[in-house]
Amino acid sequence: MIAKERQSDSGRVFMSGGRLNIIFGLLHEDYRDKDQYTGQEIDRRVNPLLPGTRKFDSEPAVRVALDNGMSYHIDPETGKERTDWIEIDIPTVLQTIAERQADSKDALISPELKEDIARNKQETSNLRDDMANIKEVLFDMSEKMDKLQKELEALKK
């Protein structure tokens, strides 16, 4: 609902060696309810969004951006970095977040999100002003309607 395009991610999540591991099967892949060629509904019981596997790299088209405490898994058999498997050292990630929060109370908020928040606050303020003006107009109209109603009743008598 929030994104312009519907996308899906799928993966396998587990703990190993005190680290959170995520193996992605799909990463930002287009999500469809219907087959693009036939137009028929896709039955996810038959065509599920497959999670990643330890056996081979799913080689996603995009890569996960890594931060402190995150790394790609190194395949022990080949010695190669797996682009679909990340390992997260949770204590290091939490420490990084705490340090960033200490530096700035809103360091975790992106500039784009800050801009959206400021825009939404301005729009909310504008809507409140508009509602106040509408209430004032309605109150004036109500007084005029009462006055006209009384004049109409006086003319009927």
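Here, residue 1 is the first one in the sequence, and each next residue gets the next number.
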CG (D35) and CD (Q40) are apart, to the nearest 0.5 Å, by 7.5 Å
Report yes or no: is the cationic atom of R63 (NZ for Lys, CZ for Arg) under 6.0 Å from the centre of the six-membered ring of Y72, at an angle within 45° of the ring normal? yes
Calculate, to the nearest 0.5 Å, the distance between atoms CG and CE belonging to D146 and M141 respectively. 12.0 Å
Treat each ILVMFWY residue as a node, draw an edge where side-chain heavy atoms are under 4.5 Å apart, and state whether I74 and F24 are in one component. no
Any donor and acceptor pair, going by atom type alone, linking the side chain of N68 with main-chain N or O of V93 inside 3.5 Å? no
Between CD1 on residue I88 and CE on residue M15, distance to nearest 0.5 Å: 9.5 Å
Measure the CG-CD1 distance between L20 and I90 for me, rounded to the nearest 0.5 Å. 5.0 Å
Using a 3.5 Å distance criterion without hydrogens, assess whether the side chain of D75 forms a donor-acceptor pair with backbone atoms of K80. no
With a 4.5 Å cut-off on side-chain heavy atoms, are K147 and E143 touching? no
Under 4.5 Å between any side-chain heavy atoms of S71 and I86, yes or no? no
Straight-line distance of D140 CG to M145 CE, nearest 0.5 Å: 13.5 Å
Passes salt bridge (Lys or Arg N to Asp or Glu O under 4.0 Å), E115 versus R119? Steps please. CA-CA 6 Å; E115 187 177 310; R119 186 178 327 109; 3.4 Å; yes
Looking at every heavy atom in both S58 and G25, which two are closest together, and how far apart are they? OG-O, 3.6 Å
State, with a plain yes or no, whether a side-chain heavy atom of F14 is found less than 4.5 Å away from one of I22. no
Under 3.5 Å, side chain of T124 to main-chain N/O of N120, donor-acceptor pair present? yes
Would D67 and T96 satisfy side-chain hydrogen bond (donor to acceptor under 3.5 Å, both in side chains), going step by step from the backbone distance to the final call? CA-CA 9 Å; D67 200 356; T96 301; 5.9 Å; no
Drop me the distance from E151's CD to Q149's CD, to the nearest 0.5 angstrom. 10.5 Å
Side-chain (N21) to main-chain (R19) donor-acceptor, under 3.5 angstrom: yes
Over all heavy atoms of both residues, which pair between E59 and D57 is shortest? Give the atoms and the distance, please. N-OD1, 2.7 Å
For atom CZ of F139, decide whether the heavy atoms of other residues, nucleotides or ligands shown that lie under 6.0 angstrom number more than 12. no
Between H73 and W85, what is the ring plane arrangement, given parallel below 30°, perpendicular above 60°, and tilted in between? parallel
If you compare all heavy atoms of T83 against all heavy atoms of P60, which two are closest, and at what distance to 0.1 Å? OG1-CD, 3.6 Å
